[in-house]
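Okay, so here's the structure we're looking at.
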Amino acid sequence: FENNGFFNRESFASRFFPSLLRVCVCVCVCVCLGPNYAMSNGGGGAGASISTHLLDLLEEPIPGVGTYDDFHTIDWVREKCKDRERHRKVTHHLISESLAGVIDIAADWLNDLKEGVCLSAMWFNHEQCCWDSNETTFAERDKCPQWKTWAELILGQAEGPGSYIMNYFMFTFWALSFAFLAVSLVKVFAPYACGSGIPEIKTILSGFIIRGYLGKWTLMIKTITLVLAVASGLSLGKEGPLVHVACCCGNIFSYLFPKYSKNEAKKREVLSAASAAGVSVAFGAPIGGVLFSLEEVSYYFPLKTLWRSFFAALVAAFVLRSINPFGNSRLVLFYVEYHTPWYLFELFPFILLGVFGGLWGAFFIRANIAWCRRRKSTRFGKYPVLEVITVAAITAIVAFPNPYTRQNTSELIKELFTDCGPLESSQLCQYRSQMNGSQAYPAGSDAAAAPGVYSAMWQLSLALVFKIIMTIFTFGLKVPSGLFIPSMAIGAIAGRIVGIAVEQLAYYHHDWFLFREWCEVGADCITPGLYAMVGAAACLGGVTRMTVSLVVIVFELTGGLEYIVPLMAAVMTSKWVGDAFGREGIYEAHIRLNGSPSLDAKEEFPHPTLAREVMRPRGNDPPLAVLTQDDMTLAELQSIISQTSCNGFPVIVSKESQRLVGFALRRDITIAIENARRKQEGIMLNSRVYFTQHAPTLPADSPRPLKLRSILDMSPFTVTDHTPMEIVVDIFRKLGLRQCLVTHNGRLLGIITKKDILRHMAQMANQDPESIMFN
């Protein structure tokens, strides 16, 4: 802190950030420098005698020209043209690593810290602490002398009401402490570190500029607070935020190489590869990560980015495997090995799980968006720390009594996916022996469920209701919060319940026509863990509306390639059911809630309107602000800039002809004028500004003119006033335009921007057009 009490970010970063980079996910690209947009100033005509003294800015690039303001959209066409101007050959090397292993290990340790501590090694979590113990039993394999609960440490007793209350209190205390620390760090140091990050990543990849969202402070704070948020027990996951973390690293390291730092379109290719690497390390699914980037995140995904993303995901997965964060020598988090195939009649319950996933997704999107909108519009949203503490307190207090809500969500999903066998001691695997009806033991074949299974189903039902409610209020808090794991947990719980129900139905009614052909008495028939896996995919698909990438992620995540058909059936059903209530996924809904100017490629435009009905100006609007090519003074140009808020101005031959010459961006004009005044003498308010190749004829005593031709886009995209808006929208989506000009017989009529299209689409959907802009 400085003497005035304010926090000095630069000083802190210079000391602590280099150490973070040693373990950071690195997305590095070796490239060569390409030329920038430039501007030249010069005189002509009567002033030709002094033209040799003018600064030729075509040879000296102007810093800042060609860049964009915060909360603006990039010009994809211009950025691609800039890249084509490079004359030297380049070589690409993409290296991707991840903090995912460190985050996994730290989150597991802090999560177990809420229940106790390992005396032999403080840095061990519960499972690691008991690995070397010879005093564990089959029924209580998680208990060993080295691991002490807080009741044992403080009260000296492991059983009884007092120890239960003490463990309850310490569980809640640590949960609140982690949550408070996470939200405080986010609020003070990096407000952009909250949330999932995927909606904003989608917006950035579509061409929008959000400065600081992928910066070093966001990376550092999100990495730390993600561990704390997961350990607090809130109904959230770390997989979505890992995509944000990977994109932060890709953005930071792209600044090392001019090809990417000076070209926003090329930088987004790096971010697409980084998002693939993020999913790869989050789930151990490199192929699914590439498909996730292609299907869900990326706006511009050329073919060369496909193999680069694949290589990034491959190396990231390799590094994660070398770290071995799960302790099972496997890359995937929920590896399963089922011993029975699936049968045709099971497609019916699988499709029912798909219906449940679609209904859950539609309900969650509407409820969560309604709550987030209320948070934005009421005073409750002004107290993010209080909101996080309240949700964390309710979560901890309600979760502790139920073992399925108390444990880590990833461990819960793993238990629900697991097939019952002789080595499983879970309560879900307590079936009665067919030889002795009074004995309960873990069975691998279909058998009558013991009371432990029914007790577990009752607890799972309560856990399902709890997860549904808390996930609605948790997603959108001012802490890092992913949605993948909570959605998968809800689906896995529902799927396991359905699987056990079908299993018992087949056991007691094996003579029904549905089971007669496949289910013989005493033979394996139904695998409840498979139903949990299908339910998890269905619920995640219902929330995100992903299809291909989701199926690939799930079978990579579990190793269940044989069960890809049930996964496909459930995911497609969940998408169809969810689309019946609304075609938006949760990420698109949050983009719309934030008012980000992003055109969804999946959304259709069925309205028969024309370009002249959407362009500005229209009706009673003021005339369009334009610049003439050679008869304006600097004072007139600055007056137009100060009196308008346009991001750019069409340049025409004259006010009388209205013939279009080109388009100049407001930011480029401002930077060019400042640079000319700083480096060139004789620029005055009455200096003539011209965009032509040669200066106009001027009186001998006139001040030095200002040439701005180099910042003029000579090939702006234009459409006629009779062009259908369906075509215009398609052009904006596929070319990534910021704006296009509307002409009639070569005469300029108006302009259409991306925001104009979004307003028009909102108006056609009977929404307030002014309510969709970025907030």
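Going from atom OG of Ser254 over to atom CG of Leu214 covers 9.0 Å, rounded to the nearest 0.5 Å. To the nearest 0.5 Å, atom OG1 of residue Thr225 and atom CE of residue Met220 are 10.5 Å apart. Atom SG of residue Cys539 and atom CD1 of residue Ile490 lie 6.5 Å apart, to the nearest 0.5 angstrom. Interatomic distance, OG of Ser280 versus CD1 of Ile287, reported as 10.0 Å (0.5 Å rounding). Rounded to the nearest 0.5 Å, atoms CG (Leu737) and CD1 (Ile752) are 10.5 Å apart. Summarising the geometry, atom CD1 belonging to Ile751 is positioned 5.0 Å from atom CG belonging to Leu741; distances are rounded to the nearest 0.5 Å.
Residues passing the salt bridge (charged side-chain N to carboxylate O under 4.0 Å, His left out) test with Asp579, sequence neighbours excluded: Arg545, Lys575. For Lys267, the salt bridge (charged side-chain N to carboxylate O under 4.0 Å, His left out) test picks out Glu264, with sequence neighbours left out. By the side-chain hydrogen bond (donor to acceptor under 3.5 Å, both in side chains) test, Thr723 is found to be paired with Thr720, residues two or more places apart in sequence or in another chain being considered. In this view, Thr544 satisfies the side-chain hydrogen bond (donor to acceptor under 3.5 Å, both in side chains) rule with no residue, not counting sequence neighbours. Legend: residues meeting salt bridge (charged side-chain N to carboxylate O under 4.0 Å, His left out) with Glu295, ordered by chain and number and at least two apart, are absent. Remark: Glu296 pairs with Lys602 by the salt bridge (charged side-chain N to carboxylate O under 4.0 Å, His left out) rule, at least two apart or across chains.
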Exercise for review: Take Arg667 and Asn647 through the side-chain contact (heavy atoms from CB on, under 4.5 Å) test and state the conclusion after the steps.
Suggested key: CA-CA 7 Å; Arg667 178 181 175 87; Asn647 292 328; over 6 Å; no
Point to revise | side-chain contact (heavy atoms from CB on, under 4.5 Å) assessment of Leu665 paired with Arg738 | key: CA-CA 11 Å; Leu665 291 178; Arg738 299 180 75 186; 3.6 Å; yes
Review point. After noting the C-alpha distance and the side-chain angles of Leu416 and Leu412, does the key distance pass the side-chain contact (heavy atoms from CB on, under 4.5 Å) rule?
Key: CA-CA 6 Å; Leu416 294 172; Leu412 171 62; 4.0 Å; yes
Review point. What do the steps show when you test Phe663 against Phe717 for ring pair (Phe, Tyr, Trp, His ring centres under 6.0 Å), and what is the final call?
Key: CA-CA 9 Å; Phe663 192 85; Phe717 204 93; over 10 Å; no
Exercise for review: Please step through ring pair (Phe, Tyr, Trp, His ring centres under 6.0 Å) for the pair His244 and Tyr192, ending with a clear verdict.
Suggested key: CA-CA 10 Å; His244 187 188; Tyr192 282 153; 8.6 Å; no
Exercise for review: Apply the test side-chain contact (heavy atoms from CB on, under 4.5 Å) to residues Ile198 and Phe292: give CA-CA distance (whole Å), side-chain angles for both, the deciding distance (0.1 Å), then the verdict.
Suggested key: CA-CA 11 Å; Ile198 293 181; Phe292 172 81; 4.0 Å; yes
Check your understanding: What's the verdict on side chain to side chain donor-acceptor pair (under 3.5 Å) for Ser235 and Thr471, showing C-alpha distance, side-chain angles and the deciding distance?
Key -> CA-CA 5 Å; Ser235 184; Thr471 304; 2.7 Å; yes
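Within a 6.0 Å radius of CZ in Arg733, more than 12 heavy atoms belonging to other residues, nucleotides or ligands are found. Other residues, nucleotides and ligands contribute over 12 non-hydrogen atoms within 6.0 Å of the CE atom of Met761.
Here the closest heavy-atom approach between residue Ala107 and residue Val227 is recorded as N-CG1, 3.7 Å. The nearest pair of heavy atoms linking Ser275 to Val243 is CB-CG1, 3.8 Å. Heavy-atom minimum distance, Thr218 versus Tyr213: CG2-O, 3.4 Å. Summarising the geometry of Gly535 relative to Leu353, their closest heavy-atom pair is N-CD1, 4.0 Å, with the distance given to 0.1 Å. The two residues Pro241 and Gly195 come nearest to each other via the heavy atoms CG-O, 4.1 Å. Minimum interatomic distance between Ile365 and Ala589 (heavy atoms only, all atoms of both residues): CG2-CB, 4.0 Å.
Taking 4.5 Å as the limit, every side-chain heavy atom of Thr573 sits out of range of all side-chain heavy atoms of Phe350. With a 4.5 Å cut-off on side-chain heavy atoms, Tyr563 and Trp342 count as touching. Glu239 is not listed as a side-chain neighbour of Val279, based on a closest heavy-atom distance of 4.5 Å or more. Inter-residue side-chain proximity for Phe555 and Glu562 is flagged as unmet; no heavy-atom pair is nearer than 4.5 Å. Side-chain contact between Leu236 and Val479 is present, with heavy atoms from C-beta onward closer than 4.5 Å. In this structure, the side chains of Val554 and Met533 come closer than 4.5 Å at one or more pairs of heavy atoms. Annotation: side chain of Val543 is in contact with side chain of Leu483 (closest heavy-atom distance under 4.5 Å). In this structure, the side chains of Pro480 and Val186 come closer than 4.5 Å at one or more pairs of heavy atoms.
Distance alone, capped at 3.5 Å, is enough to place a donor-acceptor pair between the Thr203 side chain and the Pro199 backbone. Thr223 places a side-chain N or O within donor-acceptor distance of the main-chain N or O of Leu219, the cut-off being under 3.5 Å. Using modelled atom types, no side-chain atom of Arg592 and backbone atom of Tyr587 make a donor-acceptor pair closer than 3.5 Å. Arg308 places no side-chain N or O within 3.5 Å of a backbone atom of Ala273 that could act as its donor or acceptor partner. Between the side chain of Glu269 and the backbone N or O of Lys266 there is no donor-acceptor pair closer than 3.5 Å. Side chain of Glu556 to backbone of Gly288: a donor-acceptor contact under 3.5 angstrom is found. Panel note: side chain Ser574, backbone Val571; a donor-acceptor pair is recorded below 3.5 Å. Between the Asn594 side chain and the His590 main chain, a donor and an acceptor come within less than 3.5 Å of each other. Thr418 places a side-chain N or O within donor-acceptor distance of the main-chain N or O of Lys414, the cut-off being under 3.5 Å.
Between Phe475 and Phe364, the two ring planes are tilted [angle within 30° to 60°].
The aromatic ring centres of Tyr260 and Phe253 sit 6.0 Å or more apart.
Tyr531 and Glu346 form a side-chain donor-acceptor contact under 3.5 Å, judged by distance and modelled atom types alone. For the residue pair Thr305 and Ser272, no side-chain donor N or O sits within less than 3.5 Å of a side-chain acceptor on the partner.
A salt bridge links Asp756 to Arg759: at least one charged side-chain nitrogen sits closer than 4.0 Å to a carboxylate oxygen.
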